[in-house]
Amino acid sequence: GAGVSQTPSNKVTEKGKYVELRCDPISGHTALYWYRQSLGQGPEFLIYFQGTGAADDSGLPNDRFFAVRPEGSVSTLKIQRTERGDSAVYLCASSFYGGSTDTQYFGPGTRLTVL
Amino acid sequence: DAKTTQPTSMDCAEGRAANLPCNHSTISGNEYVYWYRQIHSQGPQYIIHGLKNNETNEMASLIITEDRKSSTLILPHATLRDTAVYYCIADSNSGYALNFGKGTSLLVTP
């Protein structure tokens, strides 16, 4: 079956602009996660959705970052007033129910470059 | 989260077993050990997880010491396609916010 997909694969924007990154999880997965990966580092947790609600957004770095999942499937990560330090690969993952032994399946990521 | 320590890099000859160590001396009794890998320009891929017993699946084996302070991921017959960064994760108390660290960069050579 289809895996997690993310669009766009690459996004180049200018400092101060607004961007939206989209994630299509595996069909039927109730849990969805966003991570951010800077060059040479492992992925860092941003936010976790259970259904439509954000169960844990403690990893979002500041209030410029926001994510939604209005119908419990597709999610959008929104970044306002982008800064050069926001440049990274943004990874989305989904899992069946979100429990501690639930395997997370990752998408290929969106590479964001802020000039 | 329990902190994990892994070597920065390792080499392995194609066809040989790759043994990737991980130290997690502060792991708590209910924390699982997970292994994920990330091939260049792809998202992380789940490999295996375990609590205290050794585990095996079609990709790898996981050996956890009796005191649970360390573990070893074994790829029994490494191929060039196994070249990747391998992450050992001691499950966070939240159960979902995976703490990847920097991992081990495994290079499989012909």
Side-chain angles (χ1 to χ4, degrees), chain A residues 2-7 9-10 21 23-26 29-51 53-61 67 88-111, chain B residues 1-9 20 22 24 27-53 55 57-60 62 64 73 84-106:
Chain A
V4 177
S5 62
Q6 294 186 245
T7 54
S9 55
N10 283 281
L21 311 179
C23 173
D24 282 83
I26 293 171
H29 280 192
T30 63
L32 185 145
Y33 318 79
W34 284 98
Y35 292 79
R36 178 169 73 171
Q37 185 170 25
S38 300
L39 192 63
Q41 306 294 318
E44 295 178 320
F45 170 78
L46 295 177
I47 187 169
Y48 157 58
F49 284 91
Q50 183 55 253
D56 183 352
D57 65 357
S58 62
L60 295 178
V89 175
Y90 289 81
L91 293 159
C92 176
S94 70
S95 68
F96 187 67
Y97 63 89
S100 63
T101 60
D102 198 24
T103 299
Q104 296 186 22
Y105 296 87
F106 283 80
T110 293
R111 181 175 298 278
Chain B
D1 295 7
K3 177 178 168 56
T4 61
T5 304
Q6 299 178 253
T8 302
S9 63
L20 291 91
C22 179
H24 32 77
I27 195 169
S28 64
N30 61 350
E31 286 186 314
Y32 284 77
V33 178
Y34 283 84
W35 285 83
Y36 279 75
R37 74 179 183 183
Q38 188 172 25
I39 295 169
H40 183 62
S41 295
Q42 297 183 21
Q45 176 191 24
Y46 166 82
I47 302 173
I48 198 167
H49 74 276
L51 184 62
K52 54 184 178 180
N53 297 323
E55 302 288 344
N57 62 21
E58 65 278 5
M59 290 183 69
L62 175 60
I64 303 174
L73 179 75
V85 177
Y86 287 77
Y87 297 98
C88 169
I89 302 164
D91 187 32
S92 70
N93 291 331
S94 70
Y96 48 78
L98 297 176
N99 185 0
F100 280 85
K102 292 190 176 182
T104 295
S105 179
L106 174 69

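Just so it is clear, the values below take in all heavy atoms, side chains as well, and ignore hydrogens, waters and symmetry mates.
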Shorter than 4.5 Å, heavy atoms on both sides: which option in G101(B), S105(B), P44(B) has the most such pairs with chain A? P44(B)
Cut-off 4.5 Å, heavy atoms of chain B, and the answer for Q6(A) is neither
Are the side chain of Y36(B) and the backbone of Q104(A) linked by a donor-acceptor contact shorter than 3.5 Å? yes
Here the gap from F45(A) atom CZ to N99(B) atom CG, rounded to the nearest 0.5 Å, amounts to 11.0 Å
In Å and rounded to the nearest 0.5 Å, what is the CD1 to OG1 distance from I47(B) to T103(A)? 11.5 Å
Just say parallel, tilted or perpendicular for the rings of Y35(A) and F100(B), cut-offs at 30° and 60°. perpendicular
Starting at CD1 of I47(A), measure out to OH of Y96(B) and round the result to the nearest 0.5 Å. 10.5 Å
